[in-house]
Amino acid sequence: MNGSLDFAYAVRGDMIDRDYPFALCAALLDALPWLAAEPRAGVHPLRGATTCGEGLLLGGRARLVLRAPAARAEECARLQGRLLEVPAPLHIGSINQRELLPYPVLHARLVVTGSADEAEFVADVERGIEQLQIDCEIIVGRRGEVCVCGRRVAGFSLMLHGLSPEHSLRAQEHGLGLHRMLGCGLFVPHKSVAAVGA
């Protein structure tokens with residue numbers, strides 16, 4: 001099978017810090033060292049986590065989702081049963097493979113290009129889209145931040161729309177911007193262009 005897949009893992013844990021992505025990335029690289037050299041690998045923001053005080057509470061529906069080439073399926077399966085320290089313990093359960101869907105509208109919760117100014121960010125995104133040879137329209141949403149080595153780095157949510165099936169899959173496989181292993185620049189299907197700021 002060619003292309004990329006999303007590998008969704010059931011997870012068990014109690015409370016983790018809101019700024020978990022960097023610690024989670026470090027734990028995943030320790031468990032699966034090949035991730036560091038895989039340009040199409042990325043980690044989605046944890047799904048099913050509920051905000052609780054200063055942290056995030058992981059319920060029974062919580063999922064850790066890796067995006068990686070389909071050829072890495074066997075390596076991804078080896079993460080099952082592992083215990084990651086983020087630094088609170090995160091138990092990795094069973095895996096479920098999901099194919100990428102060629103929706104005409106895609107959304108990324110946070111895209112980081114290195115530019116905190118919105119106009120410069122748009123220029124960065126347009127260059128990135130051109131390099132990937134993707135034809136689409138963009139809508140920039142809310143400003144956000146991710147913690148990288150103790151430093152707050154700014155970015156924006158981003159919607160791509162008017163995508164052909166081929167270009168939709170290409171955008172999902174390659175992503176845009178920096179810090180894919182921290183949950184940035186990864187696109188997922190979206191049903192409408194109306195909720196980009198939600």
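Position 1 is the first residue of the sequence, and the numbers go up from there. What you see is a predicted model; the values in this text were computed from it and never measured.
Put simply, the side chain of Tyr20 gets close to the backbone of Leu46: a donor and an acceptor are under 3.5 Å apart. Judged by distance alone, the side chain of Gln80 and the main-chain N or O of Ile95 form a donor-acceptor pair under 3.5 Å. Distance alone, capped at 3.5 Å, is enough to place a donor-acceptor pair between the His167 side chain and the Asp135 backbone. Listed for the Arg18 side chain is no donor-acceptor partner under 3.5 Å among the backbone atoms of Thr51. Remark: side-chain polar atoms of Ser157 are not paired, donor with acceptor, to backbone N or O of Leu110 under 3.5 angstrom.
Only one option out of Gln172, Arg67, Arg98, Arg63 pairs with Asp6 in a side-chain hydrogen bond (donor to acceptor under 3.5 Å, both in side chains); it is Arg67.
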**Message:** For a side chain to side chain contact (heavy atoms under 4.5 Å, CB included) check, start with the C-alpha distance between Val153 and Leu182, then their side-chain angles and the critical distance, and finish with the verdict.
**Reply:** CA-CA 11 Å; Val153 177; Leu182 301 181; over 6 Å; no
**Item:** Residues Leu178, Val111; criterion side chain to side chain contact (heavy atoms under 4.5 Å, CB included); working and verdict
**Value:** CA-CA 7 Å; Leu178 310 170; Val111 175; over 6 Å; no
**Request:** Show your working on side chain to side chain contact (heavy atoms under 4.5 Å, CB included) between Glu137 and Leu160 and close with a plain yes or no.
**Result:** CA-CA 6 Å; Glu137 300 294 326; Leu160 310 180; over 6 Å; no
**Message:** Using the rule given for side chain to side chain contact (heavy atoms under 4.5 Å, CB included), can you reason through Val43 versus Val65, listing the C-alpha separation, both sets of side-chain angles and the distance that settles it, and then say yes or no?
**Reply:** CA-CA 6 Å; Val43 183; Val65 183; over 6 Å; no
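Following chains of ILVMFWY side-chain contacts shorter than 4.5 Å, one can reach Leu29 starting from Ile92, so the two form part of one hydrophobic cluster. Linking Ile, Leu, Val, Met, Phe, Trp and Tyr whenever their side-chain heavy atoms come within less than 4.5 Å puts Leu84 and Val11 in one cluster. By the criterion of side-chain heavy atoms lying less than 4.5 angstrom apart, applied directly or through intervening Ile, Leu, Val, Met, Phe, Trp or Tyr residues, Met181 is grouped together with Val86 in one hydrophobic cluster. With hydrophobic clusters built from ILVMFWY side chains whose heavy atoms lie under 4.5 angstrom apart, Leu35 does not share a cluster with Val148. Note on Leu90 and Leu28: same hydrophobic cluster, where clusters join Ile, Leu, Val, Met, Phe, Trp and Tyr whose side-chain heavy atoms are under 4.5 Å apart, directly or indirectly.
The pair Arg152-Asp19 counts as a salt bridge, with a side-chain nitrogen and a carboxylate oxygen less than 4.0 angstrom apart.
Checked against side chain to side chain donor-acceptor pair (under 3.5 Å), Glu74 has the following partners two or more places apart in sequence or in another chain: Arg78. In this structure Pro104 satisfies the side chain to side chain contact (heavy atoms under 4.5 Å, CB included) test with no other residue, sequence neighbours excluded. When the side chain to side chain contact (heavy atoms under 4.5 Å, CB included) test is applied to Ala73, the partners found at least two apart in sequence or on another chain are Phe7, Gln97. Applying the side chain to side chain contact (heavy atoms under 4.5 Å, CB included) rule to Arg127 yields the partners Ala123, Asp124; only residues at least two apart in sequence or on another chain are considered. A search for side chain to side chain contact (heavy atoms under 4.5 Å, CB included) contacts involving Glu38 returns Trp34, Arg40, Ala41, Pro69, Arg72, not counting sequence neighbours.
More than 12 heavy atoms of other shown residues, nucleotides or ligands fall within 6.0 angstrom of atom CG in Asn96. Enclosure of atom CZ in Arg143 by more than 12 non-hydrogen atoms of other residues, nucleotides or ligands within 6.0 angstrom is indicated. Heavy-atom neighbours of Tyr9 OH from other residues, nucleotides or ligands within 6.0 Å: above the threshold of 12.
Closest of all the heavy-atom pairs between Val112 and Cys184 is CG2-SG, 3.9 Å. The nearest pair of heavy atoms linking Ser4 to Glu173 is N-OE2, 3.4 Å. The minimum heavy-atom distance between Gly141 and Phe156, with the atom names listed, is O-CD2, 3.8 Å. The nearest pair of heavy atoms linking Ala116 to Ala154 is CB-CB, 4.1 Å.
Between Gln133 and Glu130, the closest side-chain pair of non-hydrogen atoms is not below 4.5 Å. Contact check for His190 versus Leu106: no side-chain heavy atoms found under the 4.5 Å cut-off. For the pair Arg12/Leu58, no side-chain contact is recorded, criterion being any heavy-atom separation below 4.5 Å from C-beta on. The shortest side-chain heavy-atom distance between Leu163 and Ile134 falls under the 4.5 Å cut-off. Residues Leu56 and Cys52 form no side-chain contact, since every pair of their non-hydrogen atoms from C-beta on lies 4.5 Å or further apart. Considering only heavy atoms from C-beta on, Leu176 stays 4.5 Å or farther from Thr113 through its side chain. The shortest side-chain heavy-atom distance between Phe121 and Asp117 does not fall under the 4.5 Å cut-off.
With rounding to the nearest 0.5 Å, the separation of CG in Leu64 from CG in Leu79 is 6.5 Å. Put simply, CG on Leu100 and CZ on Arg170 are 14.0 Å apart, with the number rounded to the nearest 0.5 Å. Atoms CG and CZ, from Leu66 and Arg180 in turn, are 11.5 Å apart once rounded to the nearest 0.5 Å. Within the model, atoms CG of Leu158 and CZ of Phe187 stand 4.5 Å from one another, a figure rounded to the nearest 0.5 Å. Distance check: Leu169 CG to Leu101 CG gives 8.5 Å after rounding to the nearest 0.5 Å. For the atom pair CD of Glu126 and CD of Gln131, the computed distance is 12.5 Å after rounding to the nearest 0.5 Å.
Here Leu186 is tied to no hydrophobic group at all, with no ILVMFWY side chain closer than 4.5 Å.
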